[in-house]
J.: 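This is the structure, below, for whatever I ask next.
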Amino acid sequence: MHCHCRLPVLLTALIACTGAMAAPAHAGAGAAGALTIMQPEPPRSMDPADQMATDTSSILSAMYEGLVRADADRTIHPLLAVSWRHDPQGTTWDFVLRRNVKFHDGHTMTAAGVVHSFRRLLDMNAPLAGSSRFRAVVDTVTTTDDDMTVRFSLRRPYPDFLLLLSFSQACVTSPYAGASLARHADGTGPFRFDEWKSSEYVRQARNPDYWGTPPDLASVRWIWSAEPSVMDMALHTGDTDIVGDLPALYARRMESDPRFVIHDDPNGPLYWIAINMDRHAGADRRIRQALNYATDRQALVHALLRDRGQPARSPLQPVSPYFVSYAPDPQYDPQRARALLAEAGSPSGITFSLAVQDMDEPLAEALQDMWKKSGITLQISRLEGGVYASEAFADPAQKAALQLDGVLASWSSGFIPDMQLRPLFHGASAAPAGANLGFFHDPGVDALINAGAVEPSEDKRKAIYAQIQEMIMHDAPAVLIYTRDTLVGMRADISGLVVRPDGALDITHVTRNRQPHP
Amino acid sequence: MTGSFRTLIARLPLSLLAGVVLITFMVLGALLAPLISPADPLAQDLYATFQPMSAAHPFGTDAFGRDIFSRIVYGTRYSLAEVCICILVSCAMGTLAGMLAALVGGYVEQAVMWVVDIIFAFPGIVLALLILSLLGPGFFNMLLAISVFSIPVYVRLAHNLTQALQRAEYVEAARTLGAGTWRILYVHVMRNALGPILVQSTLTAGSVILAASSLSFLGLGVAPATPEWGAMMSDGRSYLGIDILPSLFPGLTITLAVLGFNLLGEGVRKVIDK
């Protein structure tokens, strides 16, 4: 009767054994020009507009293209649009489309097709997962007299509009695809959809009718596993050539191995604890500051990220051109934390209850022991993904009922400061509407966020965003912890991989040295 | 005196001795944890993670720089608590239900045995998962879940023993003399059934530890950071490719503890059967 109990224990032992045996890697995967990529998550859809996940974007960006393309350093290049211009206010944008581009279904791309694709994204009646940030900016998309020009009318000037257009949600889909798009991709990209076997793989083949330089690879296979040890093992055994989002601990061991290279992209997600402003701990600024002083970010970056990341010193990522640090020096000061708690009337310390997602639990566990030194007792509720999402985005009344003092979350905005500060700190983004999970509300910050979003002058925007960062660092509505580098582990013979600003992998120009280009 | 003690030891089965030694170690570990362990099981050192085995850290350190040996020593407290509470609850409830069912008979007996059969039909760990998903994770909920799925064995055992004992002449005699159900249960049945039930409880101790470790491994047991063996194995799982020690030693300890209880049960059975 009890033999079932043994299964998990046995399984671990088994994994441990195979791990030990896998050390000598064999020759590598696949036939000529084939590439396998492993990511943590399976794809959510084959429809670029109906997803917000980085891993899904990676898969789709091999099959779809947007009007423009962004490089890792966020420079914009033409893709399906060859040129563009906008009016002096920056609210009307015209894009001239590339000629002789064919969708995978054989139809030629026209302005009408592109308009159809964007209208689908902006459709209020059938809202898609990726549409909200575009709806907030774009009012209408229309054709013009010229049959190869598409016109965007924006609700307000948006300085980062081109960067927004480079995101995978804005990819152009075929107007003839219809409802099958969720399972069957149909775009213009260098690879065409071959097969999606749920829970196993997505396979893509080179597009022979591609308008641009044909890719070097003949076929690409995407597989997934959330287990770090499986990722590591698959790379060693040759079951995969690239691992997207490799855990830092494994990267450290791999960097000394000549068979592998690690691609380190500093534009990773920011991890922070949104403090619930409606509860005791959040209502008093001194307690919020104490939580910040109790956090040894350097130690967390060292232990959990193996120094592949940055301690958070601003609500913006250090890679952002608007990043300015107003962090106190030193940032970690347990004495100061205790003093602030005593000032706030809690000399014997406080108890703080925190909701975390399964995979972020180690961070909370590290904080638990760290905060104890400042007299803060951290109660962790470790939640499975779906439950976590419902608790994190709960409204003030629900959070009061759950007795939640904070939520540990991560956010990646791809260089656009408005996409970082507005969802996380604008009063109108308070949960459940947005990701302002602690209900922070400061009319001054709200006004500055609104001003920064439409300010065309780069210098003035810098000043505005600096001021916002200073106000947020002073008011401490969150414990900003660290930004984690996105690490991609790959076999040493692979080159040409690009990590785009939205975190998606771009494999268009990946080459393998073992099969030199003819 | 010593001579007779020696002969007594020599006559005891080897499995009993081995089991007693292992369980004694465990009990000592639980009682003397603060004296034995070199470090606080919860104290982290984020700059000394994944240390190899050394004099300071006999079993190395885990992903948070905590001393694995100290955590295992403190973990015996959780494991022993699991064993004691689960066996006490399931044994007391199961035995009582089984004996009463057999003594009272009729519809009561049928109802009790049907319920037991239903629980029996469920794989234990699945039933525990079901209970935990209803009650939510936590140490005491986990113990409750394990207790519930351990009950049927005792009900069946007690029921069968009581039925056999009921036909014994001395029970018939007591009944004829006017003894009530409770008196028969206490004086005649319980004392005679004690041996087999004791054997059964030592034998289930091992499976209780395994079930608790499995549930903690799945994240349904103890709170994060608690030095529970199953949870420690689970935490170490993400780092298997980097350092095997955080999972290896809790796993070995679980093996030894389960072995200890199984040997003890086997030994007790041999002694009683003799």
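Basis for what follows: all heavy atoms, side chains included, without hydrogens, waters or symmetry-related copies. So you know, we letter chains A, B, ... as the sequences are listed, proteins then strands, and number each from 1. Remember, it's a predicted structure, so these values are computed and weren't measured experimentally.
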J.: If I take atom CG from residue B:Leu220 and atom CZ from residue A:Arg382, how far apart are they, to the nearest 0.5 angstrom?
T.: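 Here the rounded value is 9.0 Å.
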J.: Side chain from CB out, backbone as N, CA, C, O: work out which of these in B:Tyr47 comes under 4.5 Å of a heavy atom of chain A, or both, or neither.
T.: both
J.: With a 4.5 angstrom heavy-atom cut-off, is it the side chain or the backbone of B:Phe50 that approaches chain A, or both, or neither?
T.: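 Contact with chain A involves the side chain of B:Phe50 alone.
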J.: For A:Tyr250 and B:Leu240, which heavy atoms make the closest approach, and how far apart are they?
T.: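 Residues A:Tyr250 and B:Leu240, closest heavy atoms: OH-N, 3.7 Å.
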J.: Taking all heavy atoms of B:Ser238 and all of A:Pro228, pick out the closest pair and write down the distance.
T.: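 Heavy-atom minimum between the residues: O-CB, 3.9 Å.
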J.: Can you name the closest pair of heavy atoms from B:Leu46 and A:Ala303 and give their distance?
T.: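 Looks like O-CB, 3.4 Å.
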J.: Nearest 0.5 Å, please: how far is CG in A:Leu304 from OG1 in B:Thr49?
T.: 9.0 Å
J.: For A:Glu361, is it the side chain, the backbone, both or neither that has a heavy atom under 4.5 Å from a heavy atom of chain B?
T.: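 Side chain only.
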J.: Which one of A:Met370, A:Lys373, A:Arg253, A:Lys372 has the most heavy-atom pairs closer than 4.5 Å to chain B?
T.: A:Arg253
J.: Under a 4.5 Å heavy-atom cut-off, does chain B meet the side chain of A:Pro362, its backbone, both or neither?
T.: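 Interface part for A:Pro362: both.
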J.: Using 0.5 Å steps for rounding, measure from the CG atom of A:Leu249 to the CG atom of B:Asp243.
T.: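 Those atoms lie 10.0 Å apart.
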J.: Do A:Asp232 side-chain atoms and B:Gly241 backbone N/O form a donor-acceptor pair below 3.5 Å?
T.: no
J.: Just how far is it from atom CG of A:Leu367 to atom CD of B:Gln44, taken to the nearest 0.5 Å?
T.: 9.0 Å
J.: Please look at B:Ala225 and chain A and tell me whether the side chain, the backbone, both or neither of the residue comes under 4.5 angstrom of a heavy atom of that chain.
T.: both
J.: Shortest non-hydrogen contact from B:Pro224 to A:Gln368?
T.: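 Heavy atoms of B:Pro224 and A:Gln368 come nearest at O-OE1, 4.0 Å.
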J.: Would you say CZ of A:Arg313 has more than 12 non-hydrogen atoms from neighbouring residues, nucleotides or ligands within 6.0 angstrom?
T.: no
J.: Got more than 12 heavy atoms from elsewhere within 6.0 Å of CZ, A:Arg252?
T.: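 Atom CZ in A:Arg252 is not packed in, count stays at 12 or less.
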J.: Could you name each residue pair satisfying side-chain hydrogen bond (donor to acceptor under 3.5 Å, both in side chains) that touches residues 116-138 of chain B, not counting sequence neighbours?
T.: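 side-chain hydrogen bond (donor to acceptor under 3.5 Å, both in side chains) check on residues 116-138 of chain B returns B:Asp117-B:Arg156.
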